[in-house]
Amino acid sequence: MPDNSEAATGASQEHRRLLVIKLGALGDFIYALGPMQAIRRHHPEAEITLLTRSAYAELGERSGLFDSVWTDREPKLFNLPAVLSLRARLTGAAFDRVYDLQTSDRTGFYYRLFWPGPKPEWSGIVPGCSHYHHYKRPTLTHTQDRQRTQLEIAGITDVRPSDLAFMDSEIRQFDLPENFALLIPGSSLKMAIKRWPALSYGAIAQRLHKAGITPVLMGGKEDQDAIRIITETCPEARDLSGKTTLYDIPALARAACITIGNDTGPMHMAALSGCPTIAIFSTKSFPDKAAPRGENVSLLVEENLNDLAAESVWDEIEKKRRIQPKA
C-alpha cells in the first residue's frame with residue numbers, strides 16, 4: 001500500500017487523506033478507472049479510500065489504487081440513524097479532499113453531510129464546493145471527457161484511458177480455438193431498444209463460422225432467449241453465458257479477433273482492452289454520451305435497430321485489421 005510518509009511531495013503533501021466516490025454502473029465504473037488511476041498518480045503517497053456499491057467493491061480492491069474500500073449502503077433520507085451513521089463515518093475520516101466521480105444528487109447530499117463543517121475540498125458539481133465543475137444537466141458529453149475536465153479543474157491533467165491490465169484471468173479453461181470472435185447480444189431487459197435482433201446476431205455468427213472464426217457468446221441469465229436463438233441459428237457457436245467472471249471479459253477480448261455487441265457494460269471493457277470492437281447503438285441510447293471508446297472501435301447507429309442489416313455489420317467486420325474472412 002502507498003506509504004503515507006513525510007517524503008510525500010506536491011499535491012500529496014497537502015492532501016494526506018482522500019475519498020473517491022464512484023457508485024456505478026458497470027460501464028461508468030470502468031471509465032472512472034482512468035480518472036482513479038490519474039488521482040493515484042497525482043497523490044502517490046496519500047491514503048485513498050473508495051466509496052462504491054457492493055457490486056464494485058472487489059473491482060476497486062483488485063485495482064490496487066486504494067488503501068481501503070467502503071461499501072455505500074445508500075441510506076434513505078428518512079432513515080435518520082443510517083444517515084447519521086454515514087455522516088459520522090465521513091466526518092470522522094478527516095478527508096482533505098473528495099473526488100466525487102459519481103456527481104449525482106445522492107453524492108451531492110453526501111457533501112452536505114459535512115455541514116456545519118469543517119468541509120474537505122470537494123471536486124464535483126455541488127455549487128459552493130472548492131473545485132466546482134459546472135455543466136448543464138442532463139448532458140450528452142461522454143463520461144470520459146466530462147471526468148477529464150472535472151479533474152483538470154482540480155489540478156490533475158494526466159488523465160489517460162482506463163488501464164484494465166489488472167483485469168486478467170486464465171482463459172485456457174474455456175478451451176477456445178485460436179480464432180474466435182466475441183458476440184455480446186444482451187443489454188438491459190428494461191431497454192429493448194438497445195438490443196439488435198438475435199436473428200441478426202445469428203446471421204453474423206453463421207458468417208463468422210464460414211470464415212473460420214468461432215463465434216463465442218457472452219451474457220447473463222437475462223440474455224438466454226437471445227443466445228438460444230443465436231445457437232439455434234448457428235449451432236457451431238460457443239456459449240459462455242453465465243460461465244465468465246468480470247475479469248474474464250478483458251482477458252477474452254485481448255485474445256479475440258473482434259467483439260460485436262450492444263450498449264452494455266462488457267462492451268466498454270472489450271473496447272478498452274484493445275480488441276477491434278463494433279458497437280451497435282440505437283440513437284435513443286445517446287451514443288455520443290455512452291458509446292464505447294478505445295483504439296479500434298467502430299460505432300453503428302440506427303434509430304430503430306431492427307433496421308440495421310446484418311450485411312452492414314458484416315461489411316464493418318471485414319474492415320477490421322485482425323479479421324481475414326475466407327473468400
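Just so it is clear, the structure is predicted and the values come from calculations on it, not from any experiment. This chain uses plain numbering: 1 for the first residue, then up along the sequence.
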For this session: Begin with the C-alpha distance, continue with both residues' side-chain angles, and end with the deciding distance and a verdict on salt bridge (charged side-chain N to carboxylate O under 4.0 Å, His left out) for Asp158 and Arg148.
Result: CA-CA 9 Å; Asp158 182 18; Arg148 183 177 288 113; over 6 Å; no
Problem set entry | Verdict with reasoning, Leu164 to Leu33, per side-chain contact (heavy atoms from CB on, under 4.5 Å) | CA-CA 8 Å; Leu164 305 187; Leu33 283 167; 3.7 Å; yes
Problem set entry | Full working for side-chain contact (heavy atoms from CB on, under 4.5 Å) between Leu86 and Tyr110 | CA-CA 9 Å; Leu86 175 60; Tyr110 292 174; 3.4 Å; yes
Problem set entry | Working for side-chain contact (heavy atoms from CB on, under 4.5 Å), residues Ile260 and Val313 | CA-CA 9 Å; Ile260 306 111; Val313 176; 4.3 Å; yes
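Using a distance-only test at 3.5 Å, with no hydrogens or angles considered, no donor-acceptor pair links the side chain of Glu302 to the main chain of Asn304. Under a 3.5 Å cut-off, the side chain of Ser285 and the backbone N or O of Pro287 do not form any donor-acceptor pair. A donor-acceptor pair under 3.5 Å is formed between the side chain of Asn262 and the backbone N or O of Pro185. Formation of a donor-acceptor pair under 3.5 Å by the Asp96 side chain with backbone atoms of Arg16 is found in this model. Ser130 places a side-chain N or O within 3.5 Å of a backbone atom of Trp122 that can act as its donor or acceptor partner. Looking only at distances, no side-chain donor or acceptor of Ser312 sits under 3.5 Å from a matching main-chain atom of Leu308.
With salt bridges taken as basic N to acidic carboxylate O contacts below 4.0 Å, one links Arg195 and Asp223. Ion pairing of Asp67 with Arg40 is present here, as a side-chain N (NZ or NE/NH1/NH2) and a carboxylate O approach within less than 4.0 Å. One finds a salt bridge joining Arg62 and Glu58 here, because a Lys/Arg side-chain nitrogen approaches an Asp/Glu carboxylate oxygen to under 4.0 Å. Salt-bridge check for Arg207 with Glu311: passed, with a basic side-chain N closer than 4.0 Å to an acidic carboxylate O. Under 4.0 Å is where a charged nitrogen must lie from a carboxylate oxygen, and between Asp145 and Arg293 at least one such pair does. For Asp168 and Arg254, the salt-bridge test passes: some basic side-chain N is under 4.0 Å from an acidic carboxylate O. In summary, Glu74 and Arg106 engage in a salt bridge, as defined by a charged side-chain N under 4.0 Å from a carboxylate O.
Put simply, the side chain of Leu252 reaches to within 4.5 Å of the side chain of Met218, judged on heavy atoms. Using a 4.5 Å heavy-atom threshold, the side chains of Met36 and Leu50 count as touching.
Nearest heavy atom pair, residue Val98 against residue Pro120, reads CG2-CG, 3.8 Å. Of all heavy-atom pairs between Tyr135 and Thr103, the closest is OH-OG1, 3.6 Å. When every heavy atom of Thr277 is checked against every heavy atom of Cys275, the shortest pair comes out as OG1-O, 2.7 Å.
No more than 12 heavy atoms of other residues, nucleotides or ligands sit less than 6.0 Å from atom CD of Glu295. By the 6.0 Å contact criterion, CD on Glu178 is open, its count of non-hydrogen atoms from other residues, nucleotides or ligands being 12 or less. Remark: Phe174 CZ is packed, more than 12 non-hydrogen atoms of other residues, nucleotides or ligands lying under 6.0 Å away. Other residues, nucleotides and ligands contribute over 12 non-hydrogen atoms within 6.0 Å of the CD atom of Glu236.
Expressed to the nearest 0.5 Å, how far OG1 of Thr107 lies from CD1 of Ile125 amounts to 6.5 Å. Atom OG1 in Thr259 sits 8.5 Å away from atom CG in Leu183 (nearest 0.5 Å). The CG atom of Leu305 lies 5.0 Å from the OG atom of Ser282; values are rounded to the nearest 0.5 Å.
In the hydrophobic clustering of this structure, Tyr31 groups with Ile184; members are Ile, Leu, Val, Met, Phe, Trp, Tyr whose side-chain heavy atoms approach within less than 4.5 Å, directly or through other members. Under a hydrophobic clustering in which Ile, Leu, Val, Met, Phe, Trp and Tyr are joined whenever their side-chain heavy atoms come within less than 4.5 Å, directly or via other members, Leu77 and Leu113 fall into the same cluster. A continuous path of hydrophobic side-chain contacts links Phe109 to Ile21 [ILVMFWY only; heavy atoms under 4.5 Å].
The ring pair (Phe, Tyr, Trp, His ring centres under 6.0 Å) with Tyr56 is formed by just one residue from the set Phe66, Trp70, Phe29; it is Phe29.
Pairs passing the salt bridge (Lys or Arg N to Asp or Glu O under 4.0 Å) check and including a residue from residues 265-275, sequence neighbours excluded, do not occur.
Side chains of Glu316 and Ser298: a donor on one and an acceptor on the other come within 3.5 Å.
In summary, the aromatic rings of Phe95 and His15 are positioned with their centroids too far apart to meet the 6.0 Å limit. Checked against the 6.0 Å centroid criterion, the rings of His43 and Tyr99 qualify as a close aromatic pair.
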